[in-house]
Amino acid sequence: MKSAVETLNPTRVRLTVEVPFEELKDSLDAAYKKINQQVTVKGFRKGKIPARIIDQRFGRGAVLEEAVNDALPKFYTEAVNEGELNVLGQPDVDIKELKDGELLSFTAEVDVRPEIEIPDYSGIAVTVDAIEVTDEDIEKSVEQLRDRFASTNPVERAAADGDVVTVDLEAKVDGEVLPDGVAEGVQYTIGSGELLDGIDEAVIGLEAGGEATFTSELKGGAAEGKSAEVTVKVSQVAARELPALDDEFAQLASEFDTLDELKADSRKRLETSKQYDQATQAQERVLDALLELAEVPIPEKLLAEEINTRKHNLEHHQLGQMGLDLAKYLEIQGKTEEEFDAETKEQAEKGIRTQFILDELVNKEKLNVNQEELTEHLMRRAQSSGMSPDQFAQAVVEGGQVPMLVGEVARGKALAVVVEAATVTDTNGEVVDLEDEEADEITEAAAETVEAVTDAAPAAEPAVDAAKDEAKDDAKDAAKDEKAGA
């Protein structure tokens, strides 16, 4: 077999392959054997039909078609390996010549990973938000905890903002009560915004036994999106009572003995959270700076597939679970379809460029992923998916997704290398030393950053299924030409 590689552009090549006909012998034998098992000829036992009889009865073209379909993936793969190509996606195959007994010649155009020169990233400098935990932050945190321990007590007065009311609801559209438009004994905190628009104004000022009618757009159910006339009847008004903010509350709500200890712990937790946010911000900004420095060509076909994948995931998974379609989502977001398409393309381009450059950095720095790092990443992914680690691990193995997880961790380590070399300062002018963080935490945080950017990026593995269909008609035509020449 002979093969040659022609570079069409930085992300696409054309392979030209010539195969001497004798190298098709195994595939021809397999073709005759397969056809033997599928057909019946009077006078011959099944599976024992001579090759010349198959040629006479069913045509040499059928045999050639089967043989080429069987052999093409093998010769394509050999040509890819010979050319040391890192191919992406399916090739476009064209049979150029098929001479029975002489030669098979074909071309295959396919996208390839571009050669990327890693820029000098040691000069990258970014600014991030300073870590500031104020007394107001502490008070807000403690108040949120206090709110969780609030109690409710019925009161004999009109409902006011912040009260918890128990209500019965009835919704009508065009004067008809909806089948799913009646609810009884619903508890609602006035001002929370958790029910229908307009209900706050309707119930404020009502005592137990009072009722009011208001108009609201339904947020769910069979008449979602329609304007309904809603009658609300209050059966109980209850006031929320917060516990006193003292040492006794600290003992009730935490493991601490005093309120001061609780506040000190709140400060520590907020500082830790803000440190993590700061590290994530640094990683995102360093990554953006790296992408600005590097020239990363993107294969057009891969970009189109990535855009379609992102749209499909949004429409059929994320929005579907929320009960929304794309049109409603765009309305909520206040975006036109053109703006959405432009944003999706921009995100897809960034995801592919990020994957390419960090993969190149992984190879350049010879970064490896150990079992502990992979396990930690797997557990985090399992937690975010709502599955147990064992269930998630089984799904990953069965789906052949282990290499994908390894790639995510490796790219996280590559980004961590760049962040470590960069200069990071906060808005107060202070240098931020991310090395104070645990190395595994930095790596995992970087993996999360990369994952968020490259989410929905398709696995780019070589495939040749399309080549089989391309070969069929050419094989038939070649056989016809051969017969005509004879």
Side-chain angles (χ1 to χ4, degrees), residues 116-141 266-296 298 333-335 339 342-362 364-365 367 373 377 380 384 408-457:
I116 300 172
E117 183 177 346
I118 301 296
D120 179 9
Y121 50 79
S122 61
I124 290 178
V126 298
T127 302
V128 295
D129 295 336
I131 296 176
E132 295 179 352
V133 178
T134 65
D135 291 341
E136 288 75 15
D137 293 331
I138 304 299
E139 294 300 328
K140 182 178 179 181
S141 175
S266 295
R267 180 179 294 277
K268 182 178 179 181
R269 289 175 183 272
L270 287 172
E271 287 175 348
T272 300
S273 176
K274 287 180 178 288
Q275 284 174 349
Y276 186 87
D277 291 343
Q278 187 186 64
T280 300
Q281 191 178 66
Q283 291 155 2
E284 292 171 348
R285 294 182 179 180
V286 167
L287 176 59
D288 288 342
L290 176 66
L291 293 176
E292 288 180 7
L293 291 175
E295 184 176 346
V296 186
I298 300 177
Q333 294 292 313
K335 296 177 184 176
E339 290 172 335
E343 287 182 7
T344 302
K345 181 181 179 182
E346 182 180 351
Q347 293 164 357
E349 288 177 342
K350 183 177 180 180
I352 294 172
R353 293 180 69 219
T354 296
Q355 185 171 323
F356 281 174
I357 194 169
L358 292 182
D359 284 348
E360 185 66 28
L361 194 55
V362 167
K364 180 182 177 181
E365 299 291 341
L367 301 175
E373 292 168 335
H377 186 63
R380 184 192 64 79
S384 64
E408 289 175 353
V409 178
R411 294 181 195 115
K413 296 184 75 170
L415 178 56
V417 169
V418 181
V419 173
E420 184 179 349
T423 300
V424 182
T425 55
D426 64 22
T427 49
N428 292 333
E430 299 291 332
V431 175
V432 177
D433 188 1
L434 296 177
E435 293 183 6
D436 289 343
E437 305 290 331
E438 293 291 337
D440 56 347
E441 291 181 2
I442 290 295
T443 298
E444 184 59 26
E448 288 186 45
T449 299
V450 174
E451 182 188 334
V453 174
T454 61
D455 184 38

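Because the structure is predicted, anything quoted here is derived from the model rather than measured.
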Before you tell me yes or no, could you show the steps for Glu408 and His377 under side chain to side chain contact (heavy atoms under 4.5 Å, CB included), namely the whole-Å CA-CA distance, both residues' side-chain angles and the distance that decides it to 0.1 Å? CA-CA 9 Å; Glu408 289 175 353; His377 186 63; 2.7 Å; yes
What is the minimum heavy-atom distance between Val362 and Arg411, and which atoms define it? CG2-N, 4.2 Å
On a heavy-atom basis, which atom in Ile357 and which in Leu290 lie closest, and how many Å separate them? CD1-CG, 3.9 Å
Using a cut-off of 6.0 Å, state whether more than 12 heavy atoms not belonging to Gln333 lie near its atom CD. yes
Is there a side chain to side chain contact (heavy atoms under 4.5 Å, CB included) between Val432 and Gln278? Walk through the geometry before answering. CA-CA 9 Å; Val432 177; Gln278 187 186 64; 3.4 Å; yes
Would you check if the side chain of Ser273 reaches a backbone N or O of Arg269 as a donor-acceptor pair within less than 3.5 Å? no
Working to the nearest 0.5 angstrom, can you tell me the gap between Glu365 CD and Ile118 CD1? 8.5 Å
Val286 and Tyr121: side chain to side chain contact (heavy atoms under 4.5 Å, CB included), yes or no, with the steps? CA-CA 9 Å; Val286 167; Tyr121 50 79; over 6 Å; no
Look at the side chain of Ser266 and the backbone N and O of Ile138, then say whether any donor-acceptor pair between them is shorter than 3.5 Å. no
Using the side chain to side chain contact (heavy atoms under 4.5 Å, CB included) rule, take Asp426 and Thr127 through it: C-alpha gap first, then chi angles, then the decisive distance, then the call. CA-CA 5 Å; Asp426 64 22; Thr127 302; 5.9 Å; no
Quick one: do the Thr280 and Asp277 side chains pair a donor with an acceptor below 3.5 Å? no
Specify the closest pair of heavy atoms between Glu360 and Ile116, including all atoms of both residues, with the distance to one decimal. CG-O, 3.7 Å
From Glu132 CD over to Asn428 CG, what is the distance, rounded to the nearest 0.5 angstrom? 5.0 Å
Using a strict threshold of under 4.0 Å (side-chain N to carboxylate O), is an ion pair present between Lys350 and Asp288? yes
Considering all heavy atoms, the nearest Ser141-Leu270 contact: CB-CD1, 4.3 Å
Are the charged groups of Glu343 and Lys335 less than 4.0 angstrom apart, N to O? yes
Nearest 0.5 Å, what's the CG-CG distance between Leu361 and Leu415? 9.0 Å
Which value, rounded to the nearest 0.5 Å, describes the distance between Ile131 atom CD1 and Lys274 atom NZ? 8.5 Å
Can you tell me if Gln281 and Asp129 form a side-chain donor-acceptor pair at under 3.5 Å? yes
Minimal heavy-atom distance between Glu373 and Val409, with the atoms involved, is CB-CG1, 4.1 Å
If you measure from the Lys or Arg side-chain nitrogens to the Asp or Glu carboxylate oxygens, is any gap between Arg267 and Asp135 under 4.0 Å? yes
Heavy-atom nearest pair, Val424 first then Ala282, reads CG1-CB, 4.1 Å
Looking at CD of Gln347 and OG1 of Thr354, how far apart are the two atoms once the value is rounded to the nearest 0.5 Å? 11.5 Å
